[in-house]
Every structure is written in C-alpha cells, then in structure tokens.
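For reference, the structure discussed in these notes is given below.
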Amino acid sequence: MCLCHQQVGHMLIQLRNYTLLPLALSQTKFTNRMHTRAASIKAEMAPSEHNPKSESDICVYVRKKRSRKPQVITENIVKVEPQDPKLGSLPDIEEFAYNKPSIDLPQRKSKPILNDNDKTEVKPPSNWVKVLEGIREMRSLENAPVDSMGCEKAGNSLPPNERRFAVLISSLLSSQTKDHVTHGAIQRLHDNNLLKPEAIDNADESTIKELIYPVGFYTRKASNMKKIAKISLLDYHGDIPNTLEALLSLPGIGPKMAHLVMNVAWNNVQGICVDTHVHRICNRLGWVPQTKTPEETRKALQIWLPKEEWVPVNPLLVGFGQTICTPLRPSCGLCSVSGLCPSAFREATPKKIPRVKTKLSES
DNA sequence: ATCCGGGCGC
DNA sequence: GCGCCTGGAT
C-alpha cells in the first residue's frame, strides 16, 4: 500500500440531472473539491480503492451554496470515466459545469441542482435537517454513555493490522455489553498479550473466556474469538477482511458490527451502522416506512440520507436514544424536536395494569 | 421483573 | 420470525 503524493488521475463524473464534471483524485487526500456558482462538489474515494474504476468506488456530494450549513443534495453518480492526465489542464470548472449539458439525461431549467422534484427518487422526510440539528443540540448538552467510550478507540497506538484486529475483537465483545465492561475485557486481553491472532489461536478457550468475563455471552464469544483468530491467520495473514461480505462471514459478526468495523478499521463507509436505537428512532421519526428489523431500516435510510451523515448518525442517535428517546417512556417533554416527530407523546404507553390484589379484583 | 448498543440456529 | 445466550442496570 503505497501512499505517495501521486495523482490517481482525472475523472469525468456524470451526475444525474447534472452534467459532466472533471475531477482529479489524489492518493493521499482521497477527496477533491470543486466549486461552481451554485454548488460545491466534493468527490471522495474509498481509502482502500487506490485505483477507482467504477462509480461504486467514489462518492460525490453536491452542496448548495449560500446555506449556512451546506446541505447535501445528492450523491448520485451515473458514470465515472478515467481520463488521460496528459490531456492537459482540466477545463474551467465553472464554464464546464454550466455550458456542457448532459446529453442523455433530462435537463433542469434554472439551477443545475439535482432532482429536487424527481418523483422517481425517494424523498427525504421533510424537516430532517432541522430534526438532526435539534438532536445534535440536545446531544451537546447531555452526557450520554456512548460519548465516553467506544470500541473505535481500541488499540490506537498499535500498528495498523494489529489495531484493525483489536477493533474487530472489540466489536465482537461489545454487542449487548456496556462499554466499560467491553473496555475492561479488552484491557485484560491486552495485558495478557492476547489481542493478536497468533496468541489467541494458541491460547485456551477457557483462558479467553475468563479474561473477557463478564461481557455478554462470553462463552459464545470466546469460541468465536478462537475461530476468528484461526480464519485471520489462514486467510488474511493475521489481518482482518477488508470487505463487508467477508466480515459478515465471520462467526459472531452480523450486519451491525460488520458496518462498524468497515467504518472504524478500514475507514471505508459501506453502509449505515444501524443498531436498535437507530432502528427505533428512525421509525418514531417516520424517517423510514415502518420497518421490523435493523437491516430493513438500514436499507431504507440509506436511500435518502446523504452519505456524509452515515457515520455520525449512529453515535448521534444512540446517545439520543440512551438519554431522551428511550425505548420505554421516551422523554418527549424534554425533546426539542417533538413538534416535528409524528410519534411524540403518542407512545402507546401500555401502562401495565398493576397486578395488585385489591378487594375489587378478588370479587 | 424487565430491558439491554446482536447474532445464530431453528 | 422466534427463542436463546449472559450478567448487570433500573
């Protein structure tokens, strides 16, 4: 993995309802910005993809100018064509963006901003930006448990491959477990030099089990740790898989953790990390059509939520869900966006009928 | 008593 | 889908 200041190349990127945009991507920055009169455009390349060949390797954001907090309009890329850098300097962006209309795609009359009224696209829920900002504000005052610790801090000082492995193990242990408990377990593993695949592979399952106690489901997790260490050694040279699919194939790693690990370990955002809080709150806010599983929620949310919110939305909503929008008896009275929430004060508080033996019930 | 910051096997 | 695996918190 060579990280030099070399330019990967110029690309022509075609946005839906927009136009062709020339962009240059470099290997060190992974991002490239350009500005037109009406919007700023940002292209981002997944760090692991040093040689982007298709649209899936790159994300493009278009933001309207003149809004205080620039708002992402879309991220739809229709086409990416590698261009020969020897073609000379890039065309004048502004002129290019305005004067060279897209050929096969419908044109907009006024501003070349994307599909505001495109009926074929799923519309983001109205006011979602306000809701998000409101939650952010509430979160800046509150101190949610999620703020203090997180598995993303695991092994910050380790070499990259060991750090990634630590992140994976940390994620594995963290499910259904409080953060400080997970942290303690990781600390004990580290102190006993048991955070590396070789060591785990050689260690007794019972030893691991004792060290990670009392994380939730420690028996299963100890066994999964052994299996993961073995797979890491056999298939990944002691590292961890760098694709979502391969991560999902590991025992004990499901969709929630796989996306988390892709984000944290590889800095590669493949999807939104949806846990029960994100799932619940998105349903309450009406951000997704009633969904039954976190996986459905993830897919529904990814359709409209701008990609740059994909990572921050998890800690944001988790903390919000721990403090205010709690699973049981949400504190709608304390919530500043209750006016925008279709479920506010409407929770079917199934006030359990007190099973008290009264003279009435006995009669 | 009831609820978790999931994943798996059925 | 549904029950189960676990200890700790409310």
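Please read all numbers here as calculations on a predicted model, not as lab measurements. Naming: A, B, ... by sequence-line order, numbering from 1 per chain.
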Nucleotide of [options] approaching [X] most closely (side-chain heavy atoms):
X      : options             : value
A/R220 : B/dC8, C/dG1, B/dG5 : B/dC8
A/T276 : B/dG5, C/dG8, C/dC5 : B/dG5
A/D275 : C/dG8, B/dG5, C/dT6 : B/dG5

With no hydrogens and no angle check, just 3.5 Å: does a side-chain donor-acceptor pair link A/D275 and A/N314?
yes

Measure from [atom1] on [X] to [atom2] on [N] and round the result to the nearest Å.
X      : N     : atom1 : atom2 : value
A/D179 : C/dA9 : CG    : P     : 14 Å
A/K221 : B/dC8 : NZ    : P     : 12 Å
A/E295 : B/dG5 : CD    : C1'   : 16 Å
A/L247 : B/dG7 : CG    : P     : 12 Å
A/L316 : B/dG5 : CG    : P     : 16 Å
A/L328 : B/dG5 : CG    : P     : 12 Å
A/L172 : B/dG7 : CG    : C1'   : 10 Å
A/K178 : C/dG7 : NZ    : C1'   : 11 Å

What nucleic acid atoms does [X] come within less than 4.0 Å of, heavy atoms only: base, sugar-phosphate, or nothing?
X      : answer
A/I212 : nothing
A/T177 : nothing
A/P327 : sugar-phosphate
A/Y218 : sugar-phosphate

So do [Y] and [X] actually touch side chain to side chain, heavy atoms under 4.5 Å?
X      : Y      : answer
A/P306 : A/W128 : yes
A/H183 : A/I186 : no
A/L168 : A/L247 : yes

Using a strict cut-off of less than 4.0 Å between a Lys/Arg side-chain nitrogen and an Asp/Glu carboxylate oxygen, indicate whether A/K130 and A/E133 qualify as a salt bridge.
no

Lys/Arg-Asp/Glu bridge criterion (N-O < 4.0 Å) met for A/R136, A/E309:
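Salt bridge present between A/R136 and A/E309.
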
Does the base of B/dG7 carry an N or O that pairs as donor and acceptor with the side chain of A/N224 under 3.5 Å?
no

Both A/L248 and A/R280 contact DNA chain B. Taking the nearest nucleotide for each, which residue is further toward the 5' end?
A/R280

At a heavy-atom distance below 4.0 Å, what parts of residues 252-259 of chain A sit against DNA chain B?
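Only A/G252, A/I253, A/G254, A/P255, A/K256, A/M257 qualify.
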
Could you tell me how far C/dT10 sits from B/dG5 if I compare only their P atoms? Round to whole Å.
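Here B/dG5 and C/dT10 have their P atoms 11 Å from each other.
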
Separation of the P atoms in B/dC10 and C/dT6, to the nearest angstrom:
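So the two P atoms sit 16 Å from each other.
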
Sorted by first residue and then second, give each ring-ring contact (aromatic ring centres under 6.0 Å, His included) pair with at least one member in residues 158-177 of chain A; sequence neighbours left out.
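Residue pairs passing ring-ring contact (aromatic ring centres under 6.0 Å, His included), neighbours aside: none found.
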
Kindly list each side-chain donor-acceptor pair under 3.5 angstrom involving residues 278-286 of chain A, sequence neighbours excluded, with atom names and distances?
from: A/H279; atom 1: ND1; to: A/T297; atom 2: OG1; distance (Å): 2.5
from: A/R280; atom 1: NE; to: A/C325; atom 2: O; distance (Å): 3.2
from: A/R280; atom 1: NH1; to: A/H277; atom 2: ND1; distance (Å): 3.4
from: A/R280; atom 1: NH2; to: A/H277; atom 2: ND1; distance (Å): 2.8
from: A/R280; atom 1: NH2; to: A/G321; atom 2: O; distance (Å): 3.4
from: A/R280; atom 1: NH2; to: A/C325; atom 2: O; distance (Å): 2.9
from: A/N283; atom 1: OD1; to: A/T291; atom 2: N; distance (Å): 2.9
from: A/N283; atom 1: OD1; to: A/T291; atom 2: OG1; distance (Å): 3.4
from: A/N283; atom 1: ND2; to: A/H279; atom 2: O; distance (Å): 2.9
from: A/N283; atom 1: ND2; to: A/T291; atom 2: OG1; distance (Å): 2.9
from: A/R284; atom 1: NH1; to: A/C325; atom 2: O; distance (Å): 3.3
from: A/R284; atom 1: NH1; to: A/T326; atom 2: O; distance (Å): 3.0
from: A/R284; atom 1: NH2; to: A/T326; atom 2: O; distance (Å): 3.1
from: A/R284; atom 1: NH2; to: A/P327; atom 2: O; distance (Å): 3.0
from: A/R284; atom 1: NH2; to: A/E347; atom 2: OE2; distance (Å): 3.3

